[in-house]
Number of protein chains: 2
Amino acid sequence: MTNPSTNGIVLFAHGSRDPLWRLPMEAVLARMRAEQPALEVRCAYLELCAPDLPSTVAAMAAQGITQVGIVPMFLGTGRHAREDLPRMVEELSQAFPQMRLHLSPPIGEDERMTALMARIAAEALVP
Amino acid sequence: MTNPSTNGIVLFAHGSRDPLWRLPMEAVLARMRAEQPALEVRCAYLELCAPDLPSTVAAMAAQGITQVGIVPMFLGTGRHAREDLPRMVEELSQAFPQMRLHLSPPIGEDERMTALMARIAAEALVP
């Protein structure tokens, strides 16, 4: 038997009532699971769809995961997510003192995203 | 004198009252302008901040641009953007018959985005 990983990743997105809205997030999840089957990766949402971040972190804690990277899957990040999310992660760190939670910068602020979006957008030139 | 381009790109995003929210979109814009100075690239927003898509297309028409690629800068695309945006582009095509408007798929549905987001998210593993 192999030891289950104690590391996890949460893809944290805004959420929508529309199930199609979640498809890109779930495509990233599926790809990560295919590439790294031993890594525990989950989606969680700020509002309008389940699961939320607290229940996701609780489920990971129950599974013995002790280190969780939380990745905000936002292109633009408004005050809501910018202020609410760090507070939420801080509260979860207090509620689950055995866990180490690390909040990444919003994915849209990564320069590789900027470069790729510029490349894809340039392809939209009408031929 | 060089001929001004008749091609343009609109980076179309949701919009937010928070000016910081727009930074990633504006970073893509700045990068495209730096890489292709002859190409007319603009940001436009669905709601909560200016400019909107109709005034952006009108401004491009006034400038002599006749072909415009419209790129939805959405990771997840809800019913709102999925249904409203094609209708808006259709109405603009009728209002500006001299222009050719082409609506791209939402940027978050591009497989290169999925792959890059999976790679960036995997780096969020707590060391």
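Convention: sequence-line order gives letters A, B, ...; per-chain numbering from 1. For clarity, every value in this text was computed on a predicted model and none was experimentally measured.
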Of the backbone (N, CA, C, O) and the side chain (C-beta and beyond), which part of [X] lies under 4.5 Å from a heavy atom of chain B, both, or neither?
X	result
A:M25	side chain
A:A30	neither
A:V71	side chain
A:L23	neither
A:R17	neither

What's the spacing between [X] [atom1] and [Y] [atom2] if we round to 0.5 Å?
X	Y	atom1	atom2	answer
A:L75	B:H14	CG	NE2	12.5 Å
B:M117	A:L11	CE	CG	9.0 Å
B:D110	A:I120	CG	CD1	3.5 Å
A:I107	B:M113	CD1	CE	8.0 Å

Problem - Nearest heavy atoms of A:P24 and B:G76, plus distance in Å - result: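 Taking A:P24 first and B:G76 second, the nearest heavy atoms are CG-CA, 4.2 Å.
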Practice task
Considering only heavy atoms and a distance below 4.5 Å, find which of A:S104, A:A122, A:A27, A:A121 pairs most often with chain B.
Solution key: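 It is A:A121.
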Practice task
Under 4.5 Å, counting heavy-atom pairs only, tell me which of A:R119, A:E109, A:M73 racks up the most with chain B.
Solution key: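 Highest number of pairs under 4.5 Å: A:M73.
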Practice task
Counting only heavy atoms closer than 4.5 Å, note whether B:L39 contacts chain A via side chain, backbone, both or neither.
Solution key: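 For B:L39, the contact with chain A is made by the side chain alone.
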Exercise for the section: Can you tell which part of B:R22 gets under 4.5 Å to a heavy atom of chain A, answering side chain, backbone, both or neither? Expected result: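 For B:R22, neither part sits under 4.5 Å from chain A.
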Practice task
Using modelled atom types only, decide if a donor and an acceptor are shared between the side chain of A:N7 and the backbone of B:L125 within a distance under 3.5 Å.
Solution key: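 The answer is no, because no donor-acceptor pair under 3.5 Å joins these two groups.
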Problem - Side chains of A:R82 and B:D18 in contact at under 4.5 Å (non-hydrogen atoms) - result: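 A side-chain contact exists here, since the closest heavy-atom pair is under 4.5 Å.
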Problem - B:E111 bridged to A:R31 by N-O distance under 4.0 Å - result: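 No salt bridge links B:E111 with A:R31.
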